[in-house]
K.L.:
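Sharing a structure here in structure tokens format.
Residue numbers start from 1 in every chain, and the chains themselves are labelled A, B, ... in the order their sequence lines are given, proteins ahead of strands.
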Amino acid sequence: MQTIDAMGVDAIIVRHASAGVPWQVASWVDASVINAGDGWHEHPTQALLDCYTIRERVSSLAGLRIAIVGDVKHSRVARSDVLAFTALGADVTLVAPPTLLPPSLAGWPVEVSHDVDDVLPKTDVVYLLRMQRERQTEALLPSLREYTARFGLTRERARLLADDALVMHPGPMNRGVEIAAEVADLPRSVITRQVANGVAVRMAVLFLLLGAGRR
Amino acid sequence: MKELVVKGGTVVDATGSRRADVLIRNGAVAGVGEGLDGERVLDASGCIVAPGLVDLHAHLRQPGREEAETVETAARAAALGGYTAVVAMPNTDPPIDSAAVVREVLDLGTGAACDVRVAGAITVGRRGDQLAPMAEMAAMGVRLFTDDGSGVQDARLMRRALEYASALGVTLAQHCEDEALAAGGHMHEGEWSSRLGIPGIPAAAEEVMVARDIALARLTGAPVHFLHLSTAGAVELVRLAKAAGVPVTAEAAPHHFTLTHAEVASYDPVFKVNPPLRTEADVAAVKAGLADGTLDAVATDHAPHPQEDKEEPFDQAPPGMLGLETALPLALTELDLPVERVVALLSWQPAHIAALDGEHGGPVVEGRPANLCVFDPAEAWVVEPERLASRSRNTPYAGRKLTGRVRHTILRGEPVVVDGEAQR
Ligand SMILES: [Zn+2]
């Protein structure tokens, strides 16, 4: 790291399987460090692009009811989204079986539910997290099929949503597991907008840290 | 050998405390009283003169990890911390699971700055599936056995080990960690692990093994010593077991009564340790356990690691922190106990558990071996990692101001630390 720093780079983009590595790198170098995802911890640019994508459709996140559904425990996207959405005034509900929630939510400004059917009618944005197949071998779930039956956004469940509610997903999707293929392709799904906005938002981050935005 | 007098201090031992000079001749205490003189005088004014401290739990890393620590450097660190005896943990490479390795470590300790005793492994290779030759190690003076670094997972094997040990007059010590529950964890499971995205180790991983071994101690009648207890639940289990007359003893490490899991928010692996740093409530329970006698000893779990091993991502760094040079001041300032109780927890109570009371921890009276720790309870100092005697630098207290400092340490009548400087 000190070698890279000595080359005079202005920024280091760090994506790492271990939580906290961007933090450690930042303490070793002078360059700007951009966290592109660390373990289960955070994924800040995903949160920025998620906020931007919502703002394309609604004027403000203040008071917006957002449900984050799925494997919150292992999700860096969820941790960053909770921070970003609540900082902008949204009301966030985490929806998951207890095995897929963090062991403690002390200090998290969120509501928790284990019943997605109860939450969906009261939701402006439903944010689905990627469900990884290995969760069933870790005794966190009996099976993916049971997960889909209880928490998946099936076509029937999608009807519980208000007409103008948005469907989001950080990708890549497991169609047929956490989201039905037809639902992902509905007009209320802004999943492809998230992908497109990711480019712009990440360009903006680099611009602010490196380009004319840096003073 | 010259006559030595430790002059002007307050002697504190199991019999109480009194102002007295201590005269030492031929490695033994030759007189205790006021106005004593000798050829060589060590100034103890303002100091406590106590029996030497005894550490039940130190990882000396030799043989096998000499880049982290050696018996020589650890013993020097121990002497500077006021210890006259340390028990070396067996998770070396090769592990201390036979008479040959016991002999090797005892030989390495010859001439060191403190007495080096050895804990033998309970199972061959610490693998948890076959009993190690405990009798052959016991015959060489080993009095504690443990697979520390891991706990014995198989309850039936632990039962057999206790039964077998009961005929040898030795004590089995357990690192309480249910591996199925702890698997993949790197810090205490709770508020901070959830926030930081680091897989956690639940308090229950420690508590289920404490509960199991209390049941096994009751079943077999053999004593069990619990290493480095860290949770409120574990302390309470031991409290109830003692009240019921089950033969158990327990220790706690200084970091478990001074630091919490909030430290991990820095992602600095220097705060990674096993058992992990816990909650404020756990810290309070460990302190209460030390205060009310539930916990019998403060033990360091001194675990040196070279710098490069701690410059890893948190979840890849090895657990462990230094402890020998900071334990006494931390106990003096953080436990809110009278100095007599602090010395009991660091000296004669652990000496008794390790069956070292013949030489260490006993009262400071004429005829006893002169193993003494002389410390100034009021001297303030700042922990500077590069000035520690350990070969490693992984102290979590870098930059911290501590109160209480060892001035002299005397091993069998020889001053091995004088005015805070190691002599060996
Ligand atoms: Zn241990």
Side-chain angles (χ1 to χ4, degrees), chain A residues 1-3 14-29 33 35-44 46-47 68 71-83 86 94 96 98-110 112 129 134-135 137-140, chain B residues 178-207 231-233 260-272 276-282 305 307-319 394 398-399:
Chain A
M1 274 306 156
Q2 279 85 354
T3 311
V14 181
R15 173 176 285 223
H16 203 285
S18 296
V21 168
W23 211 268
Q24 289 174 294
V25 171
S27 74
W28 298 333
V29 301
V33 174
N35 183 0
D38 62 326
W40 306 345
H41 179 223
E42 286 223 42
H43 195 357
Q46 177 76 43
I68 299 177
D71 186 3
V72 177
K73 177 177 175 155
H74 305 95
S75 174
R76 55 187 177 218
V77 172
R79 281 180 180 74
S80 284
D81 274 347
V82 164
L83 288 173
T86 56
L94 304 179
T99 48
L100 296 179
L101 288 170
S104 166
L105 290 169
W108 293 44
V110 297
V112 173
L129 297 171
E134 57 262 32
R135 302 305 169 218
T137 58
E138 293 165 4
L140 295 166
Chain B
D178 181 292
E179 288 174 4
L181 274 173
H186 299 281
M187 68 177 292
H188 174 66
E189 179 179 293
E191 182 179 348
W192 280 100
S193 71
S194 299
R195 211 176 288 179
L196 298 171
I198 295 175
I201 301 169
E206 177 166 322
E207 291 155 5
T231 80
T260 73
H261 57 159
E263 301 285 355
V264 181
S266 66
Y267 284 107
D268 185 342
V270 80
F271 295 108
K272 183 172 180 179
L277 302 178
R278 306 277 188 187
T279 68
E280 279 178 36
D282 294 311
H305 290 289
Q307 187 69 22
E308 58 272 23
D309 285 8
K310 287 286 190 179
E311 283 175 355
E312 289 285 331
F314 195 89
D315 60 8
Q316 285 165 39
N394 55 307

K.L.:
Measuring heavy-atom distances to chain A, does B/Ala183 have an atom under 4.5 Å in its side chain, in its backbone, in both, or in neither?
P.N.:
neither
K.L.:
Among A/Pro103, A/Gly107, A/Pro102, which residue forms the greatest number of heavy-atom pairs with chain B at distances under 4.5 Å?
P.N.:
A/Pro103
K.L.:
To the nearest 0.5 Å, tell me how far A/Lys73 NZ sits from B/Ser194 OG.
P.N.:
8.0 Å
K.L.:
Looking at CH2 of A/Trp108 and CZ of B/Arg195, how far apart are the two atoms once the value is rounded to the nearest 0.5 Å?
P.N.:
9.0 Å
K.L.:
Counting only heavy atoms not in B/Glu280, do more than 12 fall under 6.0 Å of its CD?
P.N.:
no
K.L.:
For the side chain of A/Gln24 and the backbone of B/Glu312, is there at least one donor-acceptor N/O pair under 3.5 Å apart?
P.N.:
yes
K.L.:
Supply the atom-to-atom distance B/Asp315 CG to A/Trp40 CH2, rounded to the nearest 0.5 angstrom.
P.N.:
9.5 Å
K.L.:
Return the CG to CZ distance between A/Asp38 and B/Phe314, rounded to the nearest 0.5 Å.
P.N.:
13.5 Å
K.L.:
Working to the nearest 0.5 Å, report the span between OG of A/Ser27 and CG of B/Asp268.
P.N.:
8.0 Å
K.L.:
How many angstroms lie between OG in A/Ser104 and NE2 in B/His188, if you round to the nearest 0.5 Å?
P.N.:
8.5 Å
K.L.:
Does any backbone or side-chain atom of B/Pro199 lie under 4.5 Å from a heavy atom of chain A? Answer side chain, backbone, both or neither.
P.N.:
both
K.L.:
Using non-hydrogen atoms and a 4.5 Å limit, figure out which bit of A/His74 sits close to chain B: side chain, backbone, both or neither.
P.N.:
neither
K.L.:
Using modelled atom types and a 3.5 Å cut-off, is there a donor and acceptor pairing between side-chain atoms of A/Arg76 and backbone atoms of B/Gly197?
P.N.:
no
